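Notes for the one structure printed next.
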Amino acid sequence: MRKTTQKPFRFTYVHLGNWRNFTLIDAALQRRVFLVGPNASGKSNFLDVFRFLHDLVAVGGGLQEAVRKRGGVSRLRCLAARRRSDITVLVRVGSDEAPTRWEYELCFNQDARSRPVIRRERVVRDGAPILTRPDDQDRADPERLTQTYLEQVYVNQAFRELAEFLPTVQYLHIVPQLVREPDRSVGRANDPFGGDFLEKIASAQEKTRTAWLRRIRDALRVAVPQLQELELWRDARGTPHLRGKYEHWRPQGAWQTEDQFSDGTLRLMGLLWIALAGSGPLLLEEPELSLHPDVVRHIPQMFARMQRRTGRQVFLSTHSPDMLRDRGIGLDEVLLLQPSREGTTVRPAGQIDQSRQLLKEGLTLADIVIPHTRPERAEQLTVFGD
């Protein structure tokens with residue numbers, strides 16, 4: 001059987017209306033997307049759009065649950081919204097060869113009982129509409145508009161390919177203390193903050209787990225040169241742990257478990273594991289946290305190499321100039337978020353004045369983009385306590 005080299009689907013475009021920080025934005029999306037902006041500009045909320053679409057079709061999800069998890073329609077609606085208060089999410093999904101294979105639009109608001117209700121739901125395949133709601137059945141029974149067709153397996157057969165793509169979205173933002181003390185998140189499967197990180201490693205097939213931990217160990221040696229071995233280990237109760245062997249003055253070295261690993265080591269382990277464990281779009285918030293700048297500088301290259309092998313799409317939010325000093329990052333891969341009284345705007349770095357000329361003159365994307373993210377009066381923090 002011949003192996004296919006076709007890259008997996010990705011998000012190629014997003015349009016948002018009245019979604020959290022954004023009154024109205026449109027953005028083309030590459031296989032790597034770097035989100036850059038000031039604090040509270042909406043980077044996390046931008047990523048949450050794709051988590052929301054995941055939650056629409058995930059087991060135990062659906063429109064009602066996805067909105068409830070986010071505090072209701074009123075919490076989702078942009079504060080700058082005016083007369084038009086509907087919330088709109090529109091995405092295009094495809095490949096490099098067919099970037100508009102699918103288009104999905106969901107427009108919703110709330111009823112008198114504060115339940116989310118659909119104002120419009122559309123699915124388009126290769127430019128041809130195959131679903132438009134409300135339809136006659138919806139108008140005859142408005143309760144139907146509390147659920148999307150996307151989440152209903154008995155009506156989404158015509159666009160099952162799209163419905164099966166969205167649950168592949170993965171989000172990870174490792175909180176080291178949750179890895180060290182998983183009891184804090186007992187019962188939370190697929191915890192985006194790493195509470196079940198060790199269980200995920202333990203549940204992988206032994207051959208796969210061994211191979212991946214070996215690759216992670218080799219990569220970690222760049223940041224932690226003393227690391228000799230990395231393995232899954234179970235204590236007397238059968239509880240899984242990550243155990244690393246470090247070079248030591250004693251000939252046999254010394255073993256440490258995750259409760260002794262540094263924050264940076266745990267974050268980097270989580271980042272490397274999830275990069276291997278999946279094929280759908282990967283959402284990462286500030287992966288540079290707790291890492292040395294020389295390690296951060298190589299994160300874009302790491303994902304570029306992964307993408308050459310798997311084609312997986314990666315979204316990263318960052319405040320790090322070191323991340324953006326990689327000469328391999330394209331202007332169209334960086335989205336600059338800038339807040340205003342009318343909501344946050346989003347534009348590619350290529351639309352910054354003279355950005356292309358500045359790159360030709362030897363500046364990096366960090367030099368061009370980061371100045372646009374700095375608070376206007378950050379120096380005022382120095383007078384705190386006077």
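Given the structure is predicted, the values throughout are model-derived calculations rather than measurements. Atom set for the values below is all heavy atoms of this structure, side chains included, hydrogens, waters and symmetry mates excluded.
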For the residue pair [Y] / [X], report whether a side-chain donor-acceptor contact shorter than 3.5 Å exists.
| X | Y | answer |
| --- | --- | --- |
| Gln110 | Ser74 | yes |
| Thr318 | Glu288 | yes |
| Gln157 | Arg160 | no |

Side chains of [X] and [Y] in contact at under 4.5 Å (non-hydrogen atoms):
| X | Y | result |
| --- | --- | --- |
| Arg217 | Arg221 | yes |
| Arg347 | Gln338 | yes |
| Leu29 | Thr12 | no |
| Arg325 | Leu365 | no |
| Leu336 | Thr373 | yes |
| Pro192 | His173 | no |
| Pro38 | Pro339 | yes |
| Tyr149 | Arg144 | yes |

Quiz prompt | Working for side-chain contact (heavy atoms from CB on, under 4.5 Å), residues Asp96 and Arg10 | solution = CA-CA 9 Å; Asp96 296 340; Arg10 64 179 174 91; 3.1 Å; yes

Hphob cluster co-occupancy, [X] + [Y], side-chain heavy atoms under 4.5 angstrom:
| X | Y | value |
| --- | --- | --- |
| Leu35 | Leu24 | no |
| Leu335 | Val49 | yes |
| Val91 | Phe52 | yes |
| Val222 | Leu242 | no |
| Leu106 | Val124 | no |

Shortest non-hydrogen separation from [X] to [Y] and the atoms involved:
| X | Y | result |
| --- | --- | --- |
| Asn18 | Ile87 | O-CG1, 3.6 Å |
| Ser95 | Phe9 | N-CD2, 4.2 Å |
| Ala163 | Pro167 | O-CD, 2.9 Å |
| Val179 | Gly194 | CG2-O, 3.6 Å |
| Thr364 | Leu324 | CB-O, 4.3 Å |

Can a donor-acceptor pair be found, under 3.5 Å and without considering hydrogens, that links the side chain of [X] to the backbone of [Y]?
| X | Y | result |
| --- | --- | --- |
| Gln313 | Gln30 | yes |
| Arg20 | Gly42 | no |
| Arg243 | Thr257 | no |
| Asp48 | Arg51 | no |
| Arg309 | Arg305 | no |
| Arg92 | Pro99 | no |
| Lys43 | Leu316 | no |
| Thr23 | Glu342 | yes |
| Glu199 | Asp196 | no |
| Arg139 | Pro134 | yes |

Salt bridge check: are [X] and [Y] linked by an N-O gap of less than 4.0 Å?
| X | Y | value |
| --- | --- | --- |
| Glu103 | Arg122 | yes |
| Arg180 | Glu258 | no |
| Asp191 | Lys200 | no |
| Glu161 | Arg101 | yes |
| Arg215 | Asp218 | no |
| Glu229 | Lys245 | no |
| Arg267 | Glu286 | no |
| Asp86 | Arg120 | no |

Exercise. Using the ring pair (Phe, Tyr, Trp, His ring centres under 6.0 Å) rule, pick out the option among Trp102, Phe11, Phe50 that qualifies with Phe165.
Key: Phe11

In terms of heavy-atom contacts, does [atom1] of [X] have more than 12 from other residues, nucleotides or ligands at under 6.0 Å?
| X | atom1 | answer |
| --- | --- | --- |
| Gln205 | CD | no |
| Gln152 | CD | yes |
| Arg84 | CZ | no |
| Arg356 | CZ | no |

Exercise. With side-chain contact (heavy atoms from CB on, under 4.5 Å) as the test, would you mind laying out the steps for Thr148 and Ile118 before giving the verdict?
Key: CA-CA 7 Å; Thr148 66; Ile118 296 167; 3.8 Å; yes

Quiz item: Which is it for Leu276 and Met306 under the side-chain contact (heavy atoms from CB on, under 4.5 Å) test, yes or no, and what are the steps along the way?
Solution: CA-CA 8 Å; Leu276 295 168; Met306 178 196 75; over 6 Å; no

Exercise. I would like to know whether Tyr171 and Phe315 meet ring pair (Phe, Tyr, Trp, His ring centres under 6.0 Å); could you show each step before the answer?
Key: CA-CA 9 Å; Tyr171 171 90; Phe315 293 78; over 10 Å; no

Practice problem: Go through Val169 and Leu53 one step at a time and tell me if the side-chain contact (heavy atoms from CB on, under 4.5 Å) criterion holds. | Solution: CA-CA 9 Å; Val169 173; Leu53 291 168; over 6 Å; no

Exercise. Name the orientation class of the two ring planes belonging to Trp233 and His241 (parallel below 30°, tilted from 30 to 60°, perpendicular beyond 60°).
Key: tilted

